[in-house]
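One structure is given here, and the rest of the page talks about it.
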Amino acid sequence: MVEAAWVWAEAGAGQGGIRDPAGLPAGTWARVERDWWTVDFGDAHAGAVGVLIGGSEPGPVYFDVGSGPEVPSTRHWSAYDGRYRRPRAEVLRALCACGWRGAAEYLLDWAAAGDRPLYEADVALTGPLADSTAHLSVVRDAAEPLAALLAEVTGQLNAAAADAPLAALRDDGMPADTLATALGTTYSKALVMLLAAQDR
C-alpha cells in the first residue's frame, strides 16, 4: 500500500532556508501522496519508490515533533536518509499500491547524494519509474479482455431490463415486498407483477 509521506522542510544555509518539494518554507510539513499516479488506475495502482535495507523493506520512519497524541510517520523513500537516527536506504525499487514489488533493485549512490536529505539530492528514479510503467502495461493488457466482457454483460442486462424489467428484477432475486416499496404499491400487486413477468 502506498502511504502519504510527511516531509519536514528544514532550515539551512542560504536566504530563506531550504524549501521542500511542495515549495513550503523551512519549518513546515509537506504532504507527498505518491510518486506516480495514473488516471486509468487511480489509487488502486499508485506507484512509489520502495526502499530495501539489509534485503528487506523497513518499517515506517517516525518524526519526532515533540509532544502530542500522534507521531507522524512515513514509508516514503526520501525519509530513509540516515539522518536523526533514521534508517539509511541501501537499495531502491518500484512498488505499487496493489502489492506488486519490482524485481529490479537500484543501489542508492550515497557518494552522489552526500549529506543532503534525499529529497534534495539528485537521485535517479528512472529505473523504478520504468519498472512501474512496465507493471502498469501488464495490468492494462490483462484488464482489456475483462473490460470487453463487462461491456458485453452490461449490454445484455440492459437489453433484458428494457424488454422485461420485472423479469430482470425477478432473476436478480428481488423480493416482492422490496418491489412494492420501490414502486409505491401493495405487496400483493408487486407479487402479481413478478409472477406475470415469470410467464414471459
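For the single chain, residues carry numbers from 1 onward in sequence order.
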Pairwise side-chain contact, Val61 with Ser73, heavy-atom cut-off 4.5 Å (strictly under): no
Between Ser78 and His76: side-chain donor-acceptor atoms closer than 3.5 Å: yes
Worked check of side chain to side chain contact (heavy atoms under 4.5 Å, CB included) between Glu90 and Trp110: CA-CA 9 Å; Glu90 297 169 0; Trp110 280 104; 6.0 Å; no
For the student: nearest non-hydrogen atoms of Ala94 and Ser132, plus distance: CB-N, 4.0 Å
Glu57: salt bridge (Lys or Arg N to Asp or Glu O under 4.0 Å) partners, not counting sequence neighbours: Arg93, Arg101
Heavy-atom neighbours of Asp141 CG exceed 12 at 6.0 Å: yes
Mutual orientation of the aromatic rings belonging to His135 and His45 [parallel < 30°, tilted 30-60°, perpendicular > 60°]: tilted
Spatial distance of atom CZ (Arg86) from atom OH (Tyr62) [nearest 0.5 Å]: 14.0 Å
ILVMFWY cluster, Tyr119 and Val91 together (side-chain gap under 4.5 Å): no
Intermediate values then yes/no, side chain to side chain contact (heavy atoms under 4.5 Å, CB included), Val123 and Trp77: CA-CA 11 Å; Val123 177; Trp77 67 274; 4.0 Å; yes
Taking every non-hydrogen atom, the tightest pair across Arg83 and Pro117: NH1-CG, 3.3 Å
Thr74 vs Pro60 side-chain heavy atoms within contact, under 4.5 Å: no
Inter-residue atom distance Asp177.CG - Tyr187.OH, 0.5 Å rounding: 6.5 Å
Step-by-step side chain to side chain contact (heavy atoms under 4.5 Å, CB included) determination, Asp131 to Trp100: CA-CA 11 Å; Asp131 295 344; Trp100 171 87; 4.1 Å; yes
In one Ile/Leu/Val/Met/Phe/Trp/Tyr side-chain cluster, 4.5 Å: Leu52, Leu129: no
Pairwise distance CG(Leu118) to CG(Asp81) - rounded to 0.5 angstrom: 5.0 Å
Point-to-point distance, once rounded to the nearest 0.5 Å, from CG of Asp115 to CD of Glu120: 11.5 Å
CD1 on Ile53 to OH on Tyr80, rounded to 0.5 Å: 7.0 Å
